[in-house]
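Reading through the structure tokens given below for one structure.
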Amino acid sequence: MRDFRLPTPEMTEAEADQRLASDRNDFEAMLAKAENRLRQKDHRAASAYFGAAAQIGQKTPGVPPDRLLRIRDAMQWIEARYLDHIYASLKAAGHPEQDWHPRFRRSLEIMTGKRLRDPPREPFPQLPTAFYYDGLPYFEFADAGAFAWRESVEAATDAIRDEAQALLRTDGTFGPYVKRATDRPQGDVHGLLDNTDWSTFDLTAKGQPVADRIELCPQTHAAISGTGALCDVPNRAPTIMFSLLRAGKRIAPHTGMINTRLICHLPLIVPGEGKLRVGSEARQWVEGELMAFDDTVEHEAWNDAHEDRLVLIFDVWRPEIEPIERAQINALFAAVDSY
């Protein structure tokens, strides 16, 4: 990498924000946004905006080469410091390199580019958006019958449904699952941004319980938190939410953030034809029967009925993940967030 000096943005962040509000493909504004974030030492946001600027620049005719070099140099500079920060943070959290679980070590090496992931053999491979964890068995749907807590959750279906229906009778409780971000560049690949076709009521936010929402559905929260299996990842999990898919609507194919968890569906209202496809298999929801799947495998859902479909969604650790791995994964994400 060439000698790197912090760039001087060619417009203020406020000016960049104003231009991006009018045109999110404005290359110069996206670059200025990235450089302003870099000067503010918000390296994670800067990296995201530089990445977005690079994508726009590659598609925009006439972008000067020096602009693209500025992006390349800045991203390399951020990346070098990022890796140092990750290793130091893991050590400070009590996870020095010599203590890493073998699967965690391989996964971190893949994340940092020191190792290549083995070529996937499956037609629908695991494609997590945030972190790939190496060495886990592949499946699309999990065997929910293997969960010791399945029966207790299914037994609470009626009580959970009653709480959900009470929420549905209250205006303004459900909102779009994909909400507009204010601190990162954001596209709308699946047409879900601020779209109420897929609406949710979340009992957690960034992995933390939301007290006033739990007060509205105490039996739901008690039934799910009582499993003892909820995934806990700083700022990301657990997620517990009611999910409403409007009549005649569908959720486009997508993948989730990390393959160390399973997504569980407890169907509450299934008014007719509708399915969840995970990879090569599609299954119908059955009210009161738990479903679990790996959401890093491409999946989609559709509701062809004339009424809305409602399920409770929550995430649990994959049973293969050992306690030391959970601790190291959590320490990794804490390190990511502190950069």
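The chain is numbered in sequence order, starting from 1.
- Residues Pro9 and Arg39 meet the side-chain proximity criterion, which asks for heavy atoms closer than 4.5 Å.
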### Message
Set out, in order, the CA-CA distance, both residues' side-chain angles and the distance that settles side-chain contact (heavy atoms from CB on, under 4.5 Å) for Ile240 and Leu312, then state yes or no.
### Response
CA-CA 7 Å; Ile240 307 173; Leu312 177 70; 4.2 Å; yes

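- Using a cutoff of 4.0 Å between basic side-chain nitrogens and carboxylate oxygens, Arg44 and Asp337 are scored as salt-bridged.
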### Task
Could you check Thr255 against Val297 for side-chain contact (heavy atoms from CB on, under 4.5 Å), going step by step and ending with a plain yes or no?
CA-CA 6 Å; Thr255 60; Val297 176; over 6 Å; no

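- Side-chain contact between Gln126 and Arg117 is present, with at least one heavy-atom pair separated by less than 4.5 Å.
- Under a hydrophobic clustering in which Ile, Leu, Val, Met, Phe, Trp and Tyr are joined whenever their side-chain heavy atoms come within less than 4.5 Å, directly or via other members, Ile263 and Met291 fall into the same cluster.
- Within a 6.0 Å radius of CD in Gln165, more than 12 heavy atoms belonging to other residues, nucleotides or ligands are found.
- Although no hydrogens or angles enter the test, the distance criterion places no donor-acceptor pair under 3.5 Å between the side chain of Thr60 and the main chain of Val63.
- Cation-pi geometry between Arg246 and Trp198 is not met: the NZ or CZ atom fails to fall both under 6.0 Å from the ring centre and inside 45° of the normal.
- Between Glu97 and Lys91, none of the side-chain N atoms (NZ, or NE/NH1/NH2) sits under 4.0 Å from a carboxylate O, so this pair counts as no salt bridge.
- A salt bridge is defined here as a Lys NZ or Arg NE, NH1 or NH2 lying under 4.0 Å from an Asp or Glu carboxylate O, and Arg283 with Glu281 meets this definition.
- Between the side chain of Thr227 and the backbone N or O of Ala223, no donor-acceptor pair lies under 3.5 Å.
- Between the side chain of Gln55 and the backbone N or O of Ala52 there is no donor-acceptor pair closer than 3.5 Å.
- Judged by distance alone, with hydrogens and angles left aside, the side-chain atoms of Arg318 form a donor-acceptor pair with the main-chain N or O of Pro137 at under 3.5 Å.
- Salt-bridge formation is not detected for the pair Lys114/Glu109: no Lys NZ or Arg NE/NH1/NH2 atom is positioned less than 4.0 Å from an Asp or Glu carboxylate oxygen.
- The distance from the CD1 atom of Ile71 to the CD1 atom of Ile56 is 9.0 Å, given to the nearest 0.5 Å.
- More than 12 heavy-atom neighbours from other residues, nucleotides or ligands sit within 6.0 angstrom of CD on Glu320.
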### Task
Starting from the C-alpha separation in whole Å, work towards a yes-or-no answer on salt bridge (charged side-chain N to carboxylate O under 4.0 Å, His left out) for Arg37 and Glu13.
CA-CA 8 Å; Arg37 285 294 85 210; Glu13 189 163 8; 2.9 Å; yes

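- Remark: Glu322 does not engage Arg326 in a salt bridge, criterion side-chain N to carboxylate O under 4.0 Å.
- Once rounded to the nearest 0.5 Å, the distance linking CD of Glu79 with OG1 of Thr112 reads 8.5 Å.
- For Gln18, the CD atom sits in a loose shell: 12 or fewer heavy atoms of surrounding residues, nucleotides or ligands are nearer than 6.0 Å.
- Side-chain contact check for Lys206 versus Arg236: every heavy-atom pair is 4.5 Å or farther apart.
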### Task
Evaluate the side-chain hydrogen bond (donor to acceptor under 3.5 Å, both in side chains) criterion for residues Thr204 and Asp202: first the C-alpha distance (whole Å), next the side-chain angles of each, then the deciding distance (0.1 Å), finally the verdict.
CA-CA 5 Å; Thr204 57; Asp202 300 78; 5.6 Å; no

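- Under the 4.5 Å side-chain criterion, counting only non-hydrogen atoms from C-beta, Pro218 is not in contact with His221.
- Relative ring orientation between Tyr133 and Phe104 is described as tilted, the plane-to-plane angle lying within the 30° to 60° band.
- Judged by distance alone, with hydrogens and angles left aside, the side-chain atoms of Asp315 form no donor-acceptor pair with the main-chain N or O of Pro238 at under 3.5 Å.
- Between the side chain of Asn36 and the backbone N or O of Ala32 there is at least one donor-acceptor pair closer than 3.5 Å.
- Salt-bridge annotation for Arg261 and Asp295: present, with a side-chain N of the basic residue lying under 4.0 Å from a carboxylate O of the acidic one.
- Phe242 pairs in a side chain to side chain contact (heavy atoms under 4.5 Å, CB included) with only one of the listed residues (Thr173, Leu203, Thr200, Leu168), which is Leu203.
- For Asp26 and Lys33, the salt-bridge test fails: no basic side-chain N is under 4.0 Å from an acidic carboxylate O.
- No side-chain donor-acceptor contact under 3.5 Å links Thr8 and Glu35.
- Side chain of Arg81 to backbone of Trp77: a donor-acceptor contact under 3.5 angstrom is found.
- The shortest side-chain heavy-atom distance between Asn235 and Phe333 does not fall under the 4.5 Å cut-off.
- Ionic pairing of Asp134 and Arg103 is not present here: no N-O contact between side-chain nitrogen and carboxylate oxygen is shorter than 4.0 angstrom.
- Classification of the Tyr87-Trp100 ring pair by plane angle, with boundaries at 30° and 60°, yields parallel.
- The minimum heavy-atom distance linking Ala305 with Ala247 is given by the pair O-CB, 3.5 Å.
- The hydrophobic clustering, which links ILVMFWY residues whose side-chain heavy atoms are closer than 4.5 Å, places Tyr138 and Ile110 apart.
- In the hydrophobic clustering of this structure, Ile313 groups with Phe141; members are Ile, Leu, Val, Met, Phe, Trp, Tyr whose side-chain heavy atoms approach within less than 4.5 Å, directly or through other members.
- Arg277 has a carboxylate O that lies under 4.0 Å from a charged side-chain N of Glu298, or vice versa, which qualifies the two as a salt bridge.
- Note: the hydrophobic cluster containing Ile321 also contains Met111 (ILVMFWY, side chain heavy atoms under 4.5 Å, direct or indirect links).
- Using a 3.5 Å distance cut-off with no hydrogens or angles, the side chains of Ser243 and His265 do not pair a donor with an acceptor.
- No side-chain heavy atom of Arg105 sits less than 4.5 Å from a side-chain heavy atom of His101.
- Side chain of Ser89 to backbone of Ile86: no donor-acceptor contact under 3.5 angstrom is found.
- Hydrophobic clustering (side-chain heavy atoms under 4.5 Å, transitive across Ile, Leu, Val, Met, Phe, Trp, Tyr) groups Ile269 together with Val153.
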### Message
Thr296 vs Leu127, test: side-chain contact (heavy atoms from CB on, under 4.5 Å). Steps then yes/no.
### Response
CA-CA 5 Å; Thr296 67; Leu127 297 173; 5.9 Å; no

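- Aromatic ring pairs are classed by plane angle as parallel below 30°, tilted from 30° to 60° and perpendicular above 60°; the pair Tyr339 and Tyr82 is perpendicular.
- In terms of modelled atom types and a separation under 3.5 Å, the side chain of Glu289 and the main chain of Leu266 share no donor-acceptor contact.
- Rounding to the nearest 0.5 Å places CD1 of Ile258 at 5.5 Å from CD1 of Ile329.
- Electrostatic pairing of Asp158 and Arg161 counts as a salt bridge here, judged by a charged N lying under 4.0 Å from a carboxylate O.
- Side chains of Phe124 and Val278 form no contact here, defined as non-hydrogen atoms less than 4.5 Å apart.
- For the pair Arg213 and Phe201, the cation sits on the ring face: its NZ or CZ lies under 6.0 Å from the ring centre, inside 45° of the axis.
- We find the CE-CD distance between Met11 and Glu28 to be 6.0 Å, quoted to the nearest 0.5 Å.
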### Task
Please lay out, stage by stage, how Phe147 and Leu262 fare under the test side-chain contact (heavy atoms from CB on, under 4.5 Å).
CA-CA 12 Å; Phe147 302 146; Leu262 300 173; 3.8 Å; yes

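- Panel note: side chain His85, backbone Ala335; a donor-acceptor pair is recorded below 3.5 Å.
- Note that CD of Gln208 and CG of Asp232 are 9.5 Å apart. Values are rounded to the nearest 0.5 Å.
- In this structure, Ser280 and Glu140 have side chains that are in contact, with non-hydrogen atoms separated by less than 4.5 Å.
- Between atom CG of residue Leu90 and atom CG of residue Leu108 there is a gap of 6.5 Å, rounded to the nearest 0.5 Å.
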